[in-house]
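Residue numbering restarts at 1 for every chain, and letters A, B, ... go by the order of the sequence lines. If you're wondering where the values come from, they're calculated on a predicted model, not measured in any experiment.
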2 protein chains.
Amino acid sequence: MELLPIIKALSDETRLRILNLLKFGDLCVCEIEVLLDINQSNASRHLNKLTNAKLVEYYKVNKYVYYKIKEDILKEHPFVKEIIDSEIINLKVCESDLTKLKKYKQSGLSCDDLKEGKICLN
Amino acid sequence: MELLPIIKALSDETRLRILNLLKFGDLCVCEIEVLLDINQSNASRHLNKLTNAKLVEYYKVNKYVYYKIKEDILKEHPFVKEIIDSEIINLKVCESDLTKLKKYKQSGLSCDDLKEGKICLN
DNA sequence: TTATCATATGATTAAAAGCGAATATGTTCA
DNA sequence: TGAACATATTCGCTTTTAATCATATGATAA
């Protein structure tokens, strides 16, 4: 993959936030929506950009599409790994995103429950 | 320095080309203009962006302003060093930029000579 | 001091990127 | 099959970024 498209994919706060979450495990689109508090088309678009830059990939489970960080890219481009592992964490938003993520994971609930408001992440 | 402004400063081909040249030594604005074949205001603006992101700094010598890579940033943000040292080189444009740079340096001429067309870098 | 030169900065235009609302697609489940 | 749902895509709009031309600034040198 070309360098510039990768850097461009990384040059957006929402996309860094997505990578920050995916670092701790795969997530489907609707989980990302709720965790980042962004709307559906926005989530989908940003995920598309990350996919095009080959930073993430996806797989389908039932009606859900799960996204995950593409391991290849981390090997091919160590600077991406460096950013995801050591830099993103310093963004303030990412801290609170992780708080939400932790709360969600500890709840043991699924993304169906999320949408139904069975858990408040704030 | 904040992460996002740094990544944004890196997400432009011209600016990567500038960093690629500066890696081999400080250069004044008019040298960068000629080596990258871009106009003066363009060069100045991109250098300004790099300066704002604290990726480069400058000093004045006579009527010239020399730019150099800011060493601090490379220590603080290893991913920047990684990009400059190992990634930029793979950009095609940067190869030919370096050919020009080498030709210029080997000529022993100054930037005054450059403007007067005393050397052809193509 | 005045002319010259290197660089920076406005102002404008053009191109790219991002966003929300609505719609399309494709899957699941009753 | 048809209704419901998850995700992707399109449209129109706004914001951001880049490029160019012209002008301003600030230093140098005659």
**Student:** dA8(D), dT17(D), dG18(C): which one has an atom nearest the side-chain heavy atoms of Val65(A)?
**Tutor:** dA8(D)
**Student:** If you pin Tyr58(B) and Ser11(A) to their nearest nucleotides in DNA chain C, which one's is more 5'?
**Tutor:** Tyr58(B)
**Student:** Taking the side chain of Thr14(A) as heavy atoms from C-beta outward, which of dA18(D), dG18(C), dC19(C) is closest to it?
**Tutor:** dC19(C)
**Student:** Establish, from distance only, whether the side-chain atoms of Asn48(A) and Thr51(A) form a donor-acceptor pair under 3.5 Å.
**Tutor:** no
**Student:** Tell me: OH of Tyr67(A) to P of dA6(D), nearest whole Å?
**Tutor:** 15 Å
**Student:** Whole angstroms only, please: what is the CG-C1' distance between Leu47(B) and dA18(D)?
**Tutor:** 15 Å
**Student:** Output the rounded distance in Å from CG (Asp12(B)) to C1' (dA16(C)).
**Tutor:** 12 Å
**Student:** Is there a side-chain contact between His46(A) and the phosphate of dC19(C), meaning an N or O under 4.0 Å from OP1 or OP2?
**Tutor:** yes
**Student:** Would you say Tyr67(A) and Glu57(A) are linked by a side-chain donor-acceptor pair, where the criterion is simply a distance under 3.5 Å?
**Tutor:** no
**Student:** Calculate the interatomic distance between Tyr64(A) atom OH and dA8(D) atom C1'; express it in whole Å.
**Tutor:** 17 Å
**Student:** Expressed in angstrom and rounded to an integer, what is the separation of Asp112(B) atom CG from dT4(C) atom C1'?
**Tutor:** 13 Å
**Student:** Is there a donor-acceptor pair under 3.5 Å between the side chain of Ser44(A) and the backbone N or O of Gln40(A)?
**Tutor:** no
**Student:** Answer with base, sugar-phosphate or nothing: what part of the nucleic acid does Cys28(B) contact at a heavy-atom distance below 4.0 Å?
**Tutor:** sugar-phosphate
**Student:** Who pairs with Lys81(B) by side chain to side chain donor-acceptor pair (under 3.5 Å), at least two apart in sequence or on another chain?
**Tutor:** Asp85(B)
**Student:** Just by protein heavy atoms under 4.0 Å, how would nucleotides 21-29 of chain D read 5' to 3' in B, S and -?
**Tutor:** BB-----S-
**Student:** Starting from the C-alpha separation in whole Å, work towards a yes-or-no answer on side-chain contact (heavy atoms from CB on, under 4.5 Å) for Leu16(A) and Leu3(B).
**Tutor:** CA-CA 10 Å; Leu16(A) 290 181; Leu3(B) 176 63; 4.1 Å; yes
**Student:** How many whole angstroms separate atom CG of Leu16(B) from atom P of dA18(D)?
**Tutor:** 11 Å
**Student:** In whole angstrom, what separates Lys8(A)'s NZ from dG18(C)'s C1'?
**Tutor:** 14 Å
**Student:** Main chain of Tyr59(A), side chain of Tyr64(A): is a donor-acceptor contact present, judged purely on distance under 3.5 Å?
**Tutor:** no
**Student:** For the residue pair Tyr58(B) and Asp26(B), confirm or rule out a side-chain donor-acceptor distance under 3.5 Å.
**Tutor:** no
**Student:** I need the CG-P distance between Leu50(A) and dA17(C), as an integer number of Å.
**Tutor:** 14 Å
